[in-house]
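Notes to accompany the following structure.
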Amino acid sequence: MQLTGWGRYPVIEADTFALTDTQSLRRHLKTAGSCIAYGNGRSYGDSALNTHVITTSSYNYFLDFDEINGILHVACGLLLSEILNVIVPRGWFLKVTPGTKLITVGGAIAADVHGKNHHIEGCFSQSVIEFTLMLPHGKVITCSHTKNKKYFYATCGGMGLTGIILDAKLSLQQIPSATIEQTTVKNRDLQETFAAFETYKDTPYSVAWIDCLATGESLGRSLFMCGRFSHKGSCEYGNAKKLNVPFVFPSWALNSVSVKAFNQLYYHRIREKISHEKVDIDTFFYPLDAVQNWNRIYGADGFTQYQCILPKAQSYEGLQEILTTIALSQKGSFLAVLKLYGKANKNWLSFPMEGYSLALDFKIEPALFTLLDALDAIVLRYGGRLYLSKDVRASKETFEQGYPDIDRFRALRKEQKMDQIFQSLQSRRLEL
Amino acid sequence: MNTLLIIGAKSDIAKAVAHAYAANRSHLALAARRVAELEHFAQDLRIRYRINVSLHEFDLSDIASHRPFYDALHPKPQGVLMAAGYMTEQAQAQRHCDETLQTISVNFSADVCFLNMIANDFEQRREGFIVGISSVAGDRGRQSNYIYGAAKAGFSAYLSGLRNRLYASGVHVMTVKPGFVNTKMTAGMNLPKALTAQPCEIAEDILNAQQRGVDVLYSKWFWRYIMLVIRCIPESLFKKMRL
């Protein structure tokens with residue numbers, strides 16, 4: 001079958017093995033050769049692509065739920081959306097959730113995803129009590145912050161390259177309601193945007209949408225949004241009706257004019273400097289999940305998301321340079337997201353570090369790759385790095401400079417013969 | 001809360017129906033061969049829907065075991081879903097007698113023996129419903145699949161008669177005729193995508209139709225019209241077709 005990541009680029013022909021139980025997986029790994037786990041296909045680039053993939057979405061069970069202590073034990077193919085349907089009405093929520101709930105738990109660990117509360121709660125792995133991992137020869141080990149530590153640090157953020165994550169125990173947070181009290185702050189430039197992150201640094205959730213086509217005095221203008229769970233309201237949680245993008249847009253539909261128009265409208269829709277409202281979980285955390293197949297709007301050639309992070313001290317200067325470069329290229333998209341992150345964790349390939357991260361989508365077109373190479377150069381100059389679960393094109397040299405622990409990762413892969421079995425297009429490109 | 005008994009609970013359609021009924025607040029009794037393989041599945045349902053799920057080792061083709069199995073079942077179900085099915089390649093079924101008999105037994109005769117026992121109980125209790133999964137393949141025999149089709153045709157006829165008999169006691173019998181469904185049974189077959197449903201779609205149809213008291217459900221709905229056309233083709237012409 002044809003397989004792609006969420007960016008719909010590249011497309012490869014792959015055969016699949018559906019994970020249903022550990023015994024059959026163990027038998028399969030003995031003869032499978034090179035393969036990689038594939039969850040719900042939401043990493044943007046080529047990190048879950050190989051000519052042979054182990055699909056995990058059929059291994060999607062709740063194994064245990066301790067409702068008193070908020071400890072959830074699930075199989076790797078379960079989607080966060082399915083988890084929320086069960087836990088939210090019972091007064092619990094994930095400690096860490098990314099901007100989509102349509103990912104598997106295995107994928108969340110492998111990409112060590114993070115969300116709007118990274119500055120307080122860190123990455124997804126920091127809510128993982130332990131998980132089990134099947135190694136190349138079929139042996140299953142339990143990994144945690146205290147057991148098989150090096151496997152834990154390599155696997156969280158390790159993009160599925162250390163083995164197949166089978167199941168995981170997650171620690172949940174109690175919530176008083178399923179309503180979020182949201183504050184929106186309108187910022188005229190990058191300086192105001194940065195100030196908003198500092199002002200609201202104790203608010204649990206925060207993120208800024210940034211207009212990446214704005215230039216000059218408006219460079220870095222943004223809508224900063226932050227929120228916390230409300231103490232008023234119920235824990236009722238339902239699935240709202242979804243919109244759909246029913247076909248692939250022609251690739252000219254998104255251009256600098258249409259994106260500029262969108263950004264103008266989006267920015268000017270908010271009138272006050274500071275506004276408050278109450279919103280539900282899906283609106284606050286997962287706005288894009290409301291539109292099924294939104295990745296089709298970028299046209300038949302697909303798109304990529306460029307996400308970088310810069311150390312905090314260098315962030316202001318670096319982002320000015322990055323935003324100027326993007327604005328001049330006229331290639332920016334309407335989904336540019338800025339966030340202030342908290343401290344890095346101990347995982348060898350986790351993306352976050354203390355500083356500002358910028359993420360934005362680009363339609364795939366020939367001239368794009370030159371622009372992204374130019375952005376890479378700026379990111380490296382300021383001591384930053386790129387996010388593997390978004391990446392589809394970075395060079396090995398660019399990647400290595402951002403991740404000082406890469407050689408430990410490579411050494412473990414080699415020592416445990418993981419490098420002979422678990423491979424993706426990305427791992428080959430970056431020699432992970 | 002009511003309990004639904006599912007026979008052949010390992011089939012993909014049965015699993016999807018289990019989810020649909022559990023979400024609709026029904027307890028479940030799941031019966032299948034090597035039922036231990038369903039332990040993860042059952043525990044998952046208990047956590048998701050806060051219902052009781054019991055597992056029962058049961059071989060439908062072992063007719064002598066039907067009575068002791070049902071006698072030992074507590075509480076007694078208010079509904080039964082017969083989802084056991086067996087489909088082999090037509091070439092196998094027409095060449096090997098054991099394959100032929102297995103097809104007829106799992107899709108027809110063993111089901112009939114079992115449902116007779118259920119029907120007698122429900123008739124006496126004057127409550128309950130029976131849902132039998134037949135197939136559009138039973139609507140007309142085609143060279144590519146007629147032994148399976150013949151068994152399903154027999155099963156459809158049986159359910160029709162049973163419905164007629166139990167109407168007086170207020171017991172509802174529903175015949176389900178799925179078309180192409182993306183399941184283990186059809187894995188590897190080259191099914192037309194536009195006509196192929198997911199098991200969860202069939203399950204939603206079954207739950208809704210059973211609650212509305214539908215007698216014969218085609219799922220997805222358009223199969224009613226496809227099969228109407230196929231049944232209307234004169235036999236003199238039909239026999240020359242490659243279907």
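Order of the sequence lines fixes the chain letters, A, B, ..., with proteins taken first and strands second; residue numbering starts at 1 for each chain.
Within the 4.5 angstrom heavy-atom criterion, atoms from both the backbone and the side chain of A:Asp64 approach chain B. Proximity to chain A involves both the backbone and the side chain of B:Phe41, based on heavy atoms less than 4.5 angstrom apart. In this structure, chain B has no heavy atom under 4.5 Å from any part of A:Ile87.
Atom CZ of B:Arg33 is surrounded by 12 or fewer heavy atoms from other residues, nucleotides or ligands within 6.0 Å. The neighbour count for A:Glu67 CD, taken as heavy atoms of other residues, nucleotides or ligands under 6.0 Å away, is above 12. Around the NE2 atom of B:His56, the shell of radius 6.0 Å holds more than 12 heavy atoms that belong to other residues, nucleotides or ligands. Residue B:Glu89 places its CD atom among 12 or fewer non-hydrogen atoms of other residues, nucleotides or ligands, all under 6.0 Å distant. Heavy atoms of other residues, nucleotides or ligands lying less than 6.0 angstrom from NZ of A:Lys139 number 12 at most.
Heavy-atom minimum distance, B:Ile47 versus A:Leu63: CD1-C, 3.5 Å. Residue B:Asp44 comes nearest to A:Asn60 through the heavy atom pair OD1-O, 3.9 Å, listed as atom of the first residue, atom of the second, then distance. Of all heavy-atom pairs spanning A:Arg90 and B:Arg48, the tightest one is NH2-O, 3.0 Å.
Counting only heavy atoms from C-beta outward, the side chains of B:Gln43 and A:His73 never approach each other to under 4.5 Å. Two residues are said to be in side-chain contact when any heavy atoms from C-beta on lie closer than 4.5 Å; A:Phe62 and B:Arg46 fail this criterion.
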